[in-house]
Number of protein chains: 2
Amino acid sequence: MSAAHTPSDQTIFHPRRADLDLVEILRALADPTRLEIVRILAASEEVACGAFGIEATKQNLSHHFRVLRDAGVIASRDEGRNRYSSLRRADLEARFPGLLDGVLGKRSAR
Amino acid sequence: MSAAHTPSDQTIFHPRRADLDLVEILRALADPTRLEIVRILAASEEVACGAFGIEATKQNLSHHFRVLRDAGVIASRDEGRNRYSSLRRADLEARFPGLLDGVLGKRSAR
DNA sequence: ACTATAGTCAAATAACCGTTGTACTAATCA
DNA sequence: TGATTAGTACAACGGTTATTTGACTATAGT
């Protein structure tokens with residue numbers, strides 16, 4: 001049996017860099033709530049799930065974080081009773097250079 | 001009554017540049033078939049709907065072209081019994097600079 | 001131990017989306 | 001005129017997804 005996604009399990013599922021799929025990532029980004037999450041994460045390095053000022057139930061937010069994490073857009077880390085998330089900038093840039101900047105409205109620097 | 005999307009009507013609906021919405025565009029791109037259409041269009045300036053080598057029924061292709069067009073990703077033009085489509089590069093670049101290059105895997109030149 | 005907090009899981013619902021089938025319009029060619 | 005071709009319109013099916021409700025785990029503070 002898989003032990004993925006159980007709260008007591010410290011090893012939260014994250015896809016490896018090589019497994020990142022463009023369509024999955026685009027689908028993850030193609031939602032207003034998730035796009036806002038990504039924008040907030042882009043502005044502030046690491047944020048606890050509850051610390052976003054987004055109007056949504058915590059279950060719904062939990063769902064959106066999961067979609068983003070499963071797609072490889074964000075990484076999550078448990079600390080105490082908080083789950084901190086951050087953008088997987090390096091991985092995204094390595095696999096799809098310029099994509100994140102394009103989505104965030106920041107033109108690639110080179 | 002709206003006369004949009006009728007075959008006899010030469011004025012096919014295209015959203016204006018100012019109305020392009022990032023989430024809609026991302027959603028339009030977040031599909032394997034549509035992404036392939038965009039890649040083909042990126043390689044060859046203007047292509048008739050039937051001239052893509054994509055494995056899909058014509059109804060399905062028609063649907064995908066409509067999604068892309070409604071989102072503002074492509075523009076379509078009727079000529080004879082063909083409908084030629086092209087990428088709205090300039091509009092996309094103006095509203096979301098670097099996005100298309102990021103999706104196509106072509107790093108922005110500047 | 002009790003309480004509060006952060007977040008997930010699971011089930012249910014509703015809406016959406018991709019795909020297919022049938023029918024249709026318009027244009028080209030014989 | 002008739003036949004073919006390119007593509008759309010519409011309705012239907014099946015699968016996916018966003019959202020909500022309720023219950024649960026685990027941590028932290030008292």
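All values reported here derive from a predicted model rather than from experimental measurement. Because only heavy atoms are used, hydrogens play no part in the values below, and waters and symmetry mates are left out as well, while side chains stay in. Proteins come first, then strands; the chains are lettered A, B, ... in the order of their sequence lines, and each starts at number 1.
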State whether A/S62 places a side-chain N or O below 4.0 Å from either non-bridging phosphate oxygen (OP1 or OP2) of C/dT8.
yes
Kindly say if B/H64 contacts the phosphate of C/dT19, meaning a side-chain N or O under 4.0 Å from OP1 or OP2.
yes
Determine yes or no for a side-chain-to-main-chain donor-acceptor pair under 3.5 angstrom, with B/N82 supplying the side chain and B/Y84 the backbone.
no
Main-chain N/O of A/G72 paired with A/R17 side-chain donor or acceptor, under 3.5 Å
no
Residue whose closest nucleotide on DNA chain D lies nearer the 5' end, A/R27 versus B/A51
B/A51
Hey, is the side chain of B/Q59 pairing donor to acceptor with the base of D/dG7 inside 3.5 Å?
no
Please state how far atom [atom1] in [X] lies from atom [atom2] in [N], giving the value in whole angstrom units.
X	N	atom1	atom2	answer
A/L35	D/dA18	CG	P	13 Å
B/D70	D/dT8	CG	C1'	13 Å
B/E79	D/dT5	CD	P	20 Å
A/K58	D/dT19	NZ	C1'	15 Å
A/I37	D/dA18	CD1	C1'	13 Å
A/Y84	D/dT27	OH	P	15 Å
A/R66	C/dA10	CZ	P	9 Å

Residue pair A/L92 / A/I25, side-chain heavy-atom distance below 4.5 Å:
yes
Just to be sure I understand the rule, does B/N60 reach a base, reach only the sugar-phosphate, or reach nothing, if contact means heavy atoms closer than 4.0 Å?
base
Under 3.5 Å, which donor-acceptor pairs do the side chains of residues 51-62 of chain A form with other protein atoms, sequence neighbours left out?
from  : atom 1 : to    : atom 2 : distance (Å)
A/T57 : OG1    : A/N60 : N      : 3.2
A/N60 : OD1    : A/H64 : NE2    : 3.3

